[in-house]
Amino acid sequence: MSEVNFMNVTELGGEQVSNAQLSRFYQRYAWASAYCKGKDVLEVACGTGPGLGYLASLSKSLIAGDFSSEVLSVTKSHYGDRVKLIQFDAQSMPFPDSSFDVIILFEALYYIPDANRFFDECVRTLRPGGKLLMATANCSLFDFNPSPFSTKYFTVPELTTVLKSKGFSVEVFAGSPTSQEGLMGKGLRIVKKIAVSFNLIPGSMSGKRFLKRLVFGKLVTMPKELKASEISYVPPISIDKNVPDTLHQVIYFSATLVGKQ
């Protein structure tokens, strides 16, 4: 995987985001926390690591890393020695076999050129019964807009099938329902669909922030580190893993490694 400027598509602490966007950050780490207590945890593609302090406070051990040296330098400048941070490629992870109880990948599967290689690495480095936790944007929404540098988005049944073929049992959940957006939210989705169709959505984070101000008005500051006391958690709901979901913005996969002796 060649070096690309992931800084342009990474939400950085101190930058402006919408309330909904910030809420999704809190939700994914709150969801993962129940699986991480007292466990050896790895977060892959951690970005600038907004949830690393929270995960470190719960887990037995925590290692995190990212493919981008530029992004990871921002993470290291905040956490220092509090979290072990390593630059690595998700397709070839520098860890011994059976190193972890939990591997986390949030909003990054679609950036990995060969997802099969990543899943094979998860099988290798997870212990029997270990968990692979993923949260991903829902590509089945009618107004879906793929991120720059993305390679492949999976529907719910597509990713379920791949994970099962690797020896995982799979549970699928969904959060951020579009039904709660109200008339204005539904109208904005129609506008977004038109903008996506005509390739009018900015690719950079700065361009997206400008568009968010126009649409959402006042934005909030993305913290460099999420605090447990600020997390208002709404658990995602269980959904049918055999049918594409068209009603939620975020899909969560909890995959348990059962096919490893």
Side-chain angles (χ1 to χ4, degrees), residues 9-11 13 15-36 43 45-48 50-51 54-55 104-111 132-147 150 153-160 170-193 195-196 201 205 208-209 211-223 226-228 230-255:
V9 292
T10 301
E11 286 99 357
E15 294 186 344
Q16 298 297 293
V17 297
S18 69
N19 278 295
Q21 193 174 6
L22 180 58
S23 175
R24 288 194 290 271
F25 268 98
Y26 282 121
Q27 296 303 309
R28 70 182 70 148
Y29 284 103
W31 171 72
S33 67
Y35 299 94
C36 294
E43 183 170 0
C46 67
T48 56
Y54 179 51
L55 292 178
I104 295 171
L105 180 72
F106 287 159
E107 298 290 352
L109 180 61
Y110 37 84
Y111 293 130
L132 170 59
L133 306 178
M134 293 184 289
T136 187
N138 185 3
C139 65
S140 296
L141 293 178
F142 86 101
D143 62 337
F144 175 70
N145 178 47
S147 175
S150 60
Y153 286 88
F154 293 86
T155 66
V156 168
E158 285 174 343
L159 190 48
T160 297
V170 183
E171 294 180 281
V172 185
F173 307 89
S176 301
T178 58
S179 61
Q180 296 181 0
E181 293 179 332
L183 290 176
M184 182 177 180
K186 290 178 174 59
L188 289 174
R189 287 197 168 275
I190 294 172
V191 172
K192 180 184 174 186
K193 173 63 176 177
V196 169
I201 302 293
M205 295 307 299
K208 288 181 178 179
R209 282 194 297 273
L211 185 60
K212 285 173 188 173
R213 287 192 187 94
L214 292 179
V215 174
F216 298 109
K218 185 178 179 180
L219 301 179
V220 295
T221 301
M222 177 71 188
L226 306 178
K227 304 296 183 182
E230 298 171 345
I231 295 177
S232 178
Y233 181 45
V234 179
I237 65 168
S238 178
I239 61 171
D240 188 342
K241 56 193 171 189
N242 299 307
V243 179
D245 179 89
T246 59
L247 302 176
H248 299 85
Q249 296 181 57
V250 183
I251 306 297
Y252 300 84
F253 289 82
S254 174

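All values reported here derive from a predicted model rather than from experimental measurement.
Residues Ala137 and Phe144 share a closest heavy-atom pair of CB-CE1, 4.3 Å. Ser176 and Val250 get closest at one heavy-atom pair: OG-CG2, 4.1 Å. In this structure, Leu226 and Tyr54 approach most closely via the heavy-atom pair O-CB, 4.3 Å. Counting all heavy atoms, side chain and backbone alike, Tyr110 lies closest to Tyr153 at CD2-CE2, 3.2 Å. Pairing each heavy atom of Thr155 with each of Cys139, the nearest pair is N-SG, 3.8 Å. For the residue pair Gly175 and His248, the shortest heavy atom distance occurs at O-CB, 3.3 Å.
Listed for the Thr178 side chain is a donor-acceptor partner under 3.5 Å among the backbone atoms of Leu247. Put simply, the side chain of Ser33 gets close to the backbone of Ala30: a donor and an acceptor are under 3.5 Å apart. A donor-acceptor pair is defined here as one N or O able to donate and one able to accept, closer than 3.5 Å; no such pair exists between the side chain of Asp245 and the backbone of Asn138.
By the 30° and 60° cut-offs, the orientation of the rings of Phe106 relative to Tyr29 is perpendicular.
When side chains are defined from C-beta on, Pro50 counts as touching Met222, because their heavy atoms get closer than 4.5 Å. Contact annotation: the side chain of Val243 never approaches that of Pro157 to less than 4.5 Å [non-hydrogen atoms, C-beta and beyond]. Side-chain contact between Thr160 and Phe154 is absent, with no heavy atoms from C-beta onward closer than 4.5 Å. The side-chain heavy atoms of Leu133 and Ser254, taken from C-beta on, include a pair separated by under 4.5 Å.
Considering Ile251, Leu109, Ile104 as possible partners of Met134, the one that fulfils the side chain to side chain contact (heavy atoms under 4.5 Å, CB included) test is Leu109.
By the 6.0 Å and 45° rule, Arg24 does not stack over the aromatic ring of Tyr26.
Atom CD in Glu43 sits 9.0 Å away from atom SG in Cys36 (nearest 0.5 Å). Residue Glu107 holds its CD atom at 5.5 Å from OG1 of Thr136, rounded to the nearest 0.5 Å. Taking CD from Glu15 and CD from Gln21, the interatomic distance works out to 10.0 Å, rounded to the nearest 0.5 Å. Within the model, atoms CD of Glu171 and CZ of Phe253 stand 12.0 Å from one another, a figure rounded to the nearest 0.5 Å.
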Inset, instruction - Could you give me the CA-CA distance, side-chain angles and deciding distance for Thr246 and Phe142, then say whether side chain to side chain contact (heavy atoms under 4.5 Å, CB included) is met? - result: CA-CA 7 Å; Thr246 59; Phe142 86 101; over 6 Å; no
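A side-chain donor-acceptor contact under 3.5 Å links Ser147 and Tyr111.
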